[in-house]
Amino acid sequence: MLDLISTVLPFLGSLWLSRNEREQSQQAFQEQQNRYQQDLSQLNTLFNRTYYGNLLDRSDVRGLLGNLRNQMMETTQELKNQASVTGATPELITAVQKAQNQAYGNAVGQVAQQATSWKENTLQNYLSARRALEEFYRPVKSNYMGNILGNTFSTFNSLKSLFQ
């Protein structure tokens, strides 16, 4: 009877400790899992906004195209002023405006061509950040699984020693 008590008490103590350790480990893991999900959600939101956004809506592109339009208007106004002095025909002004519109169209086309490489860079940056996030949280999951397995084996060993 004394042998049974001396064997059961350590086993019960081991069960109680392993249960507490398992609960603490699970709580810590859940906190890390929540933080991981939050970080991943922020990363995905940033990627979606950047990757699927319209390149022509970016402030730098709008500024560039706005400056080009302003230059075109100034050039047209100067040409009209000169035409009134020199007696140039309206067809000349129309031809210059047509050339300016083609130049503007070419600028928009070049910006659109750059969108492909811009999107590819955005995708590569996202994948790198995603890998880094996974690598950062991988040890947390590994430690959690190690703790769970360790507690399970210690409980099993305690149980096994009870019946030997």
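All residue numbers in this chain count up from 1 along the given sequence.
The salt bridge (charged side-chain N to carboxylate O under 4.0 Å, His left out) check on Glu135 picks up Arg138, with sequence neighbours excluded. For Arg58, the salt bridge (charged side-chain N to carboxylate O under 4.0 Å, His left out) partners two or more places apart in sequence, or in a different chain, are Asp60. Residues meeting the salt bridge (charged side-chain N to carboxylate O under 4.0 Å, His left out) test with Glu120, sequence neighbours left out: none. Partners of Arg62 under the salt bridge (charged side-chain N to carboxylate O under 4.0 Å, His left out) rule, at least two apart in sequence or in another chain, do not exist in this structure.
Screening residues 106-134 for ring-ring contact (aromatic ring centres under 6.0 Å, His included), with sequence neighbours left out, gives Phe47-Tyr126.
Taking 4.5 Å as the limit, every side-chain heavy atom of Thr45 sits out of range of all side-chain heavy atoms of Gln42. Within the 4.5 Å cutoff, the side chain of Asn44 has heavy atoms near those of the Arg130 side chain. In this structure the side chain of Thr50 never reaches within 4.5 angstrom of the side chain of Asn125, judged on heavy atoms. Side-chain contact between Thr89 and Leu92: present, with at least one pair of heavy atoms (C-beta onward) separated by less than 4.5 Å.
Transitive grouping of hydrophobic side chains (ILVMFWY, heavy atoms separated by less than 4.5 Å) keeps Leu40 and Leu46 in distinct clusters. Residues Leu68 and Val61 are members of one and the same hydrophobic cluster, defined by side-chain heavy-atom contacts under 4.5 angstrom among Ile, Leu, Val, Met, Phe, Trp and Tyr. Note on Leu123 and Leu43: same hydrophobic cluster, where clusters join Ile, Leu, Val, Met, Phe, Trp and Tyr whose side-chain heavy atoms are under 4.5 Å apart, directly or indirectly.
For the 3.5 Å distance criterion, the side chains of Tyr137 and Gln33 fail to qualify, holding no donor opposite an acceptor.
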Return a table of donor-acceptor pairs under 3.5 angstrom between the side chains of residues 104-111 and protein atoms on other chains or two or more places apart.
unit_1	atom_1	unit_2	atom_2	d
Tyr104	OH	Arg69	NH1	2.5
Asn106	ND2	Gln102	O	3.4

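Scanning both residues, Ser84 and Asn81, for their nearest heavy atoms gives OG-O, 2.7 Å.
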